[in-house]
Amino acid sequence: DAMVIQNPRYQVTQFGKPVTLSCSQTLNHNVMYWYQQKSSQAPKLLFHYYDKDFNNEADTPDNFQSRRPNTSFCFLDIRSPGLGDAAMYLCATSSGTFTVQPQHFGDGTRLSIL
Amino acid sequence: RKEVEQDPGPFNVPEGATVAFNCTYSNSASQSFFWYRQDCRKEPKLLMSVYSSGNEDGRFTAQLNRASQYISLLIRDSKLSDSATYLCVAYTGRRALTFGSGTRLQVQP
């Protein structure tokens, strides 16, 4: 019954080696989000898509990119991961145009950097 | 100053106790508020929305005080299964939510 699915659950990559995390949804929500969460910290919004409209947060490093090829899928690309990028990456979706709706989160991908 | 601030805790309470968390927000334009629950190494899950008039869902009661810019969560008759981190969340526009760093609750037998 998973509605927001993230793959993989755990990802290990080498310092500087590009990595892609994926998210898919069966909810047909028009908004998709990527958050970064480090231990004991709040989830930090990296960017979100409203349909195809991409919204980048001002403090999101250029090292982080995203793609949304269709409504169901969204990808997070980290071009040159550093040790500080080790974290849980959460994908979320929501619906609604003029009012905010609660977000539905995937299980997350835990990224480790060697 | 953080946009959404919470006492990190932990709050250690016995089963059956009543516990309350507060959360303050800095942006007076914040429109909507939520409480999320996050278990260790899991994703956040919506616990409840917070309405201006206050709202209750079983053992959980949420309140909003716009004048003082804080929201609260009250848990009555705590269960062991309530042990988690509770995230306060504010919506300030652009379809994005701002999360607090959470308050950890540990309910003890």
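Because the structure is a prediction, the values reported are computed rather than measured. Numbers restart at 1 for each chain; the letters A, B, ... are given by sequence-line order, proteins then strands.
- A:L45 and A:F64 are not part of a single hydrophobic cluster, where members link through side-chain heavy atoms under 4.5 Å apart.
- At a threshold of 4.5 Å between non-hydrogen side-chain atoms, the residues A:Q103 and B:L97 count as touching.
- A:Q37 touches chain B through its side chain: at least one heavy atom from C-beta onward sits under 4.5 Å away, while N, CA, C and O do not.
- Of all residues in residues 48-68 of chain B, those placing a non-hydrogen atom less than 4.5 angstrom from a non-hydrogen atom of chain A are B:S49.
- Here the closest non-hydrogen pair linking A:A42 and B:G100 is CB-O, 3.1 Å.
- By the side chain to side chain contact (heavy atoms under 4.5 Å, CB included) test, B:T18 pairs with B:L74, B:R76, sequence neighbours left out.
- In this structure, the side chain to side chain donor-acceptor pair (under 3.5 Å) partners of A:D59, at least two apart in sequence or on a different chain, are A:K44.
- For the pair A:M88/B:E43, no side-chain contact is recorded, criterion being any heavy-atom separation below 4.5 Å from C-beta on.
- In this view, B:T85 and B:L87, B:R104 satisfy the side chain to side chain contact (heavy atoms under 4.5 Å, CB included) rule, not counting sequence neighbours.
- Looking at A:S39, there are no atoms closer than 4.5 Å to chain B (heavy atoms on both sides), in backbone or side chain.
- Within 6.0 Å of CG on A:N70 lie more than 12 heavy atoms contributed by other residues, nucleotides or ligands.
- Criterion: ILVMFWY side-chain heavy atoms under 4.5 Å apart, direct or through other members. Under it, A:V31 and A:L46 are not part of a common hydrophobic cluster.
- Within the 4.5 angstrom heavy-atom criterion, no atom of B:Q6 approaches chain A.
- In A:K38, the NZ atom is crowded: over 12 heavy atoms of neighbouring residues, nucleotides or ligands sit closer than 6.0 Å.
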